[in-house]
*Asks:* 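First, the structure itself, so that you have it in front of you.
All chains are named by letter (A, B, ...) in the order of the sequence lines, taking the proteins before the strands, and each is independently numbered beginning at 1.
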Amino acid sequence: MQTKIFKKEKEFCIFPTFPFHFDGTFHKPSHFPDKLSTWESGKYWQTIRIGKKLFGLKIENKGKTQKPKIKVSVFYNKNISDKEIDNIKREIIWRFDLNADLKEFNKLAKSDKRFYPIFKKWLGMRNSGSESLYELLIIAVVLQNATVRRTVQMMNALLNNYGTRLKYDGKEIFAIWLPEKLKSVSEQNLRDLKIGYRAKFIKRLSQDFTEGKIDELELRTFNQENIEKELMKLYGVGPETVRILLFGVYHQYNTFDHIAPWQQKIYSQLFYKKPLVPANKIRDDIKKQYGKYSMLAVHYIMEDIFWRRKNEKIEWLEKEIRL
DNA sequence: CATCAGGGCCCTG
DNA sequence: CAGGGCCCTGAT
């Protein structure tokens, strides 16, 4: 593993659309624990790549719900250009959906008698995806057919071997490797990290990205159907991985068509207080109520329960998480 | 000790 | 379009 230390620093500010919820946007307690970011209330750290260059980010809350403002500190090694600063700013705005217009969604939330308290509590939260397309793809692949513990194991093994450890601002944050780094790595090398059949996926996906067979930025200009079509072409990408990518990387709020078994159990409890409701029923009910904001609405409710889990013990949830 | 399903997807028939 | 196989692990 490579270690880098960045000491130089440049700052700028971003003014998200209002209302805005900083902690809800920059910390997602439902995600498995990884070494790719750190959060404390009002502060957030992660690395970012612009082209092939790596930077360290520190993002701080400097505003209020109705008057949002965030301060970004960029840590770098030798130099940084104005263009790179611009790109970092653009990328942060995109990844954390800071320009989102959620007026319509908030209106819908207000008419929801049952869950309005939750929507109100997280008013202004965004469905952020802190990673690039390639990076989230890697994460989605290690999520496949695995429990949380195993996912963490696989991710750490990969990071320890091919990732970069970046030290800045008193933190140690990891960065996922560039796809081309795996060029000289054989499928067997990857298998030795106990990632199983996923080795083949990661090898082939990395090759496709290296060869430029898919363009993350270009896909941002496509409509949902076409983004989905392009993503489905990727080896190892099926309905669940596509859903993760459409929602996480491309901020499509209505991606509630595929429900994995573990999600089905949690949704059953959240929406029906029952152990297991048929996935089709859940899907139809949610889509009927929240329409084009189906996945976003569920995201709010899902994150809320995982935030609650930090302070209180929720028996049925502990059972379903299965470390 | 053995067996099995899991925070999916590919491939075959 | 259904179903078997895939890697590894912890649970049973």
*Asks:* Could you state the CD-P distance from A:Gln144 to C:dC8, rounded to the nearest angstrom?
*Replies:*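 Distance, rounded to whole Å: 16 Å.
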*Asks:* Using the test ring-ring contact (aromatic ring centres under 6.0 Å, His included), find all partners of A:Phe115 that sit at least two apart in sequence or belong to another chain.
*Replies:*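 ring-ring contact (aromatic ring centres under 6.0 Å, His included) list for A:Phe115, sorted by chain: A:Phe271.
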*Asks:* Once you apply a heavy-atom cut-off of 4.0 Å, does A:Val141 come out as touching a base, just sugar-phosphate, or nothing?
*Replies:*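 Touches nothing.
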*Asks:* Using a 4.0 Å heavy-atom cut-off, does A:Leu190 contact any base of the nucleic acid, only the sugar-phosphate backbone, or nothing at all?
*Replies:*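 The residue A:Leu190 makes no contact with any strand.
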*Asks:* Look at the aromatic rings of A:Tyr235 and A:Phe201 and report parallel, tilted or perpendicular, splitting at 30° and 60°.
*Replies:*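 Rings of A:Tyr235 and A:Phe201: perpendicular, over 60°.
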*Asks:* Starting at the 5' end of DNA chain B and moving along, which residue's nearest nucleotide shows up first, A:Ser30 or A:Tyr235?
*Replies:*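 Upstream on the strand: A:Ser30.
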*Asks:* Pick the nucleotide of DNA chain B nearest each of A:Phe201 and A:His31; which residue has the one closer to the 5' end?
*Replies:*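 Nearest-nucleotide comparison on DNA chain B picks A:His31.
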*Asks:* In a table with atom names and distances, give each donor-acceptor pair under 3.5 Å that connects a side chain of residues 60-74 of chain A to protein atoms at least two apart or in another chain.
*Replies:*
residue, atom, partner, partner atom, Å
A:Asn61, OD1, A:Gly63, N, 3.2

*Asks:* Please state the P separation for the pair C:dC7 and B:dT12 - nearest whole angstrom.
*Replies:*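 Roughly 15 Å separates the two P atoms.
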*Asks:* With a non-hydrogen cut-off below 4.0 angstrom, is A:Thr241 in contact with a base, only sugar-phosphate, or nothing?
*Replies:*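 Counting heavy atoms under 4.0 Å across all strands, the contact made by A:Thr241 is with sugar-phosphate only.
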*Asks:* ring-ring contact (aromatic ring centres under 6.0 Å, His included) with A:Trp307: which residues, sequence neighbours excluded?
*Replies:*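 In terms of ring-ring contact (aromatic ring centres under 6.0 Å, His included), with neighbours along the sequence ignored, A:Trp307 is linked to A:His27, A:Trp39, A:Trp122.
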*Asks:* Show me the pairs that pass salt bridge (Lys or Arg N to Asp or Glu O under 4.0 Å) and involve residues 91-111 of chain A, at least two apart or across chains.
*Replies:*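 For residues 91-111 of chain A: A:Glu91-A:Arg95, A:Glu91-A:Arg220, A:Asp101-A:Lys103, A:Glu104-A:Lys292.
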*Asks:* I need a per-nucleotide contact map over nucleotides 1-7 of chain C, read 5' to 3'. Cutoff is protein heavy atoms under 4.0 Å; write B for the base, S for backbone only, - otherwise.
*Replies:* -----BB
*Asks:* Using ring-ring contact (aromatic ring centres under 6.0 Å, His included) as the criterion, list what pairs up with A:Phe256, not counting sequence neighbours.
*Replies:*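 For A:Phe256, the residues satisfying ring-ring contact (aromatic ring centres under 6.0 Å, His included) (neighbours in sequence not counted) are A:Tyr267.
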*Asks:* Which whole number of Å gives the distance between the P atom of C:dC1 and that of B:dG7?
*Replies:*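 To the nearest whole Å, 27 Å.
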*Asks:* Sequence neighbours left out, what passes side chain to side chain contact (heavy atoms under 4.5 Å, CB included) with A:Leu178? Give chain and number order.
*Replies:*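 With neighbours one apart ignored, the set is A:Arg49, A:Lys52, A:Glu180.
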*Asks:* If pairs are Watson-Crick or G-U with both distances under 3.5 Å, what is the dot-bracket string of DNA chain C, marking crossing pairs with [ ] and pairs to another strand with |?
*Replies:* ||||||.|||||
*Asks:* Any donor and acceptor pair, going by atom type alone, linking the side chain of A:Thr17 with main-chain N or O of A:Leu98 inside 3.5 Å?
*Replies:*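 Looks like yes, one N/O pair under 3.5 Å.
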*Asks:* When clusters are formed from ILVMFWY side-chain contacts under 4.5 Å, directly or step by step, what else is grouped with A:Trp45?
*Replies:*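 A:Phe6, A:Leu54, A:Phe75, A:Leu166, A:Tyr168, A:Ile173, which link up through side-chain heavy atoms under 4.5 Å apart, make up the rest of the cluster.
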